[in-house]
Each structure stands twice: as C-alpha cells, then as structure tokens.
Amino acid sequence: MTKPLLIVGSDTGVGKTVLTAALAAYWLTYRDRPASPNEPSTSLGIYKPLQSGEGDREFYHHTFSLSQTLDEITPLYFETPIAPAIAAHKEGKAIDLALIWQHFLKLQQQKECLLVESMGGLGSPITDEYIVADLARDWALEVILVVPVRLGAISQAIANVALARMEKVKLRGIILSCSQVYSEEELEELAPPQMISRLASTPVLGILPYVKDLRDISQLALAASELDIERILI
C-alpha cells in the first residue's frame, strides 16, 4: 500500500491534473490487479476535496475506470468557477472541513493508492482562515509540488518550498511540468532542474513531458514512467 499523496501546484493551471492523471494511468497500467478486465479498479482512489465549476472530477470519472462516483471524488462542489472559499460565500454555502476529512479517511482505508489533488497551491484558501498548507499538515499528507516549465519557475519553486517549511508540510519533491514540447536547451533556460533542486534544497523528481491527449491512458502512463516513480509512489 502506498502513502496518500497530495499534489499541489505553484499556481493554478500548472499541471496538477496532468500529473495526477499520469500517476493514475501508471498505477492502473503497471500496478493494479483488477478482479477481472471489465471491472473498475478498487485499488486506486482519486480525491479532489473541493471543486468550483466543472472540470477535474468529471475528467477523472470519465477517463479512468474507478469505483467512485462524482461525489466520492469531490464531496464539496460549487457551481461558480472561482476559488472555493469565495464560491461558497457567493452561493451561500459552507465549507465543511469535517466532511472532506471523513471522505478522505474512508478512501484512505479502502484504497491501496490514493492521489489527492489540491485546490490550487499550498497558499490557496479553503476557508477564510485555512489554506491548503494547513490541510496538508493537519492530514499528515506528503506533498508533490508541480512547477511549470516557464520563466519564473525558479522563484515559484523556492517560494512554495519556503511556505511548505514554514507550515511544517512534508514535501517529497518537485515535478517540473511541460505545457508544450521543449528542447533540452529550453528546459535548462526556463527551469534548470539542478539549480532548482539546489536552491530549494528539495529533490526534483522528474520532468513531466507534454501529453497531447489527456484521455489516452497509454500516453499518460508513458509520461509518468519518465519520472522517478519509485520515489513518488511509495
């Protein structure tokens, strides 16, 4: 059984969903042992505690053969596609931290591999007084930080690692995520892995290549295989 893993980003739209999907595809391809080929996976769980607007939970539900309903993937859902804390105020709803914790515990007990996708980054608000870093610390989750390959990657990585340390979050490592195909020279110019690892004092566990078709399980699994997977899914 692997440890539950929280996947956070240095910002929104940086590749959290792509990494989560790639790790899920890798698990289903190489480590899952379903009771029969036509049965949904009972060993893999994907959890996004809160979501605003359609998107990730629907993608996971339709792309992967999971034994989870939409509400089991995401128990707190808001129609307005803005930060959940703000969407809740706008819609006159409450953020029930006990509810998302209870759903997490249930999945943790049921699943051999549980991937938890964050709502944004470590500093993203869950409530007016509670951020993702608080949740990571309180739930004792180990974290993978996704940093996009682009200008500013170095400072984003350093700032998020500093926040993780300040909040006593256990950071397992950094993944650099590509939103397009980059040459080796471009990678070194935009997000040099060794420099980021050295300055952040945190291992870079790989570069997630650009995945053209996010619904292609084989492409996703192949992308995950290029990462230091044995240090990610432990």
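Counting from 1, the numbers follow the sequence of the chain as shown.
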| query | Quick one: does S225's side chain have a donor or acceptor within less than 3.5 Å of a partner on L222's backbone? | reply | yes
| said: Working note: M166 + L163, criterion side chain to side chain contact (heavy atoms under 4.5 Å, CB included); need CA distance, chi angles, decisive distance, verdict. | reply: CA-CA 5 Å; M166 182 177 71; L163 176 59; 3.5 Å; yes
| field | Of K48, Q51, H61, K16, the residue whose pairing with D56 passes side chain to side chain donor-acceptor pair (under 3.5 Å) | value | K48
| If you measure only the distance, is there a donor-acceptor pair under 3.5 Å linking the side chains of S41 and K111? | no
| said: Within this structure, what is the NZ-CH2 distance for the pair K106 and W101, rounded to the nearest 0.5 Å? | reply: 15.5 Å
| message | Quick check: closest heavy atoms across Y26 and A224, and the distance to 0.1 Å? | response | CB-CB, 3.8 Å
| message | Tell me if a side-chain donor or acceptor on Y182 pairs with a main-chain N or O of R150 at a distance below 3.5 Å. | response | no
| request: Please round to the nearest 0.5 Å and tell me the distance separating atom OG of S177 and atom OH of Y210. | output: 11.5 Å
| said: Taking the side chain as everything from C-beta on, heavy atoms only, tell me whether M195 gets closer than 4.5 Å to R198. | reply: yes
| remark: Closest non-hydrogen atoms of S201 and R165, given as atom of the first, atom of the second and distance, are O-NH2, 3.0 Å
| said: Please find the pair of heavy atoms, one from G121 and one from S118, that lie closest to each other, and give the distance. | reply: O-OG, 4.1 Å
| task | Please assess L23 against I229 for the test side chain to side chain contact (heavy atoms under 4.5 Å, CB included), listing each intermediate value before the final yes or no. | result | CA-CA 8 Å; L23 294 177; I229 202 73; 3.6 Å; yes
| field | Pairwise distance CE(M1) to CD1(I234) - rounded to 0.5 angstrom | value | 14.5 Å
| field | Min side-chain heavy-atom separation V204-D228 under 4.5 Å | value | no
| Option among K90, H89, E91 that satisfies the side chain to side chain donor-acceptor pair (under 3.5 Å) test with T80 | E91
| task | Check whether any side-chain heavy atom of L115 lies under 4.5 Å from a side-chain heavy atom of L44, and answer yes or no. | result | yes
| query | Distance from T17 atom OG1 to R57 atom CZ, nearest 0.5 Å? | reply | 14.0 Å
| Should L122 and I174 be counted in the same cluster of Ile, Leu, Val, Met, Phe, Trp and Tyr side chains packed under 4.5 Å apart? | yes
| Same apolar cluster: L66 and I7, side chain cutoff 4.5 Å | yes
| task | Answer yes if V116 and L50 sit in the same cluster of Ile, Leu, Val, Met, Phe, Trp and Tyr residues linked by side chain heavy atoms under 4.5 Å apart, and no otherwise. | result | yes
| query | I207, I175: one ILVMFWY side-chain cluster at the under-4.5 Å cut-off? | reply | no
| message | Working note: N160 + S10, criterion side chain to side chain donor-acceptor pair (under 3.5 Å); need CA distance, chi angles, decisive distance, verdict. | response | CA-CA 6 Å; N160 277 271; S10 57; 4.9 Å; no
| task | Would you tell me whether Y60 and E117 have side-chain atoms, one donor and one acceptor, within less than 3.5 Å of each other? | result | yes
| query | CZ of R31 to CD of E112: how many Å apart, nearest 0.5 Å? | reply | 9.0 Å
| message | When you group the ILVMFWY residues by side-chain heavy-atom contacts below 4.5 Å and let the links chain together, are L76 and L107 in the same group? | response | yes
| note | When rounded to the nearest 0.5 Å, the distance separating CD1 of I196 from CG of L199 is 8.5 Å
| task | For I46 and F59, run side chain to side chain contact (heavy atoms under 4.5 Å, CB included): C-alpha distance rounded to whole Å, both residues' side-chain angles, the deciding distance at 0.1 Å, then the answer. | result | CA-CA 11 Å; I46 300 179; F59 164 70; over 6 Å; no
| task | Walk me through it: do V147 and V14 pass the test side chain to side chain contact (heavy atoms under 4.5 Å, CB included)? | result | CA-CA 6 Å; V147 178; V14 298; over 6 Å; no
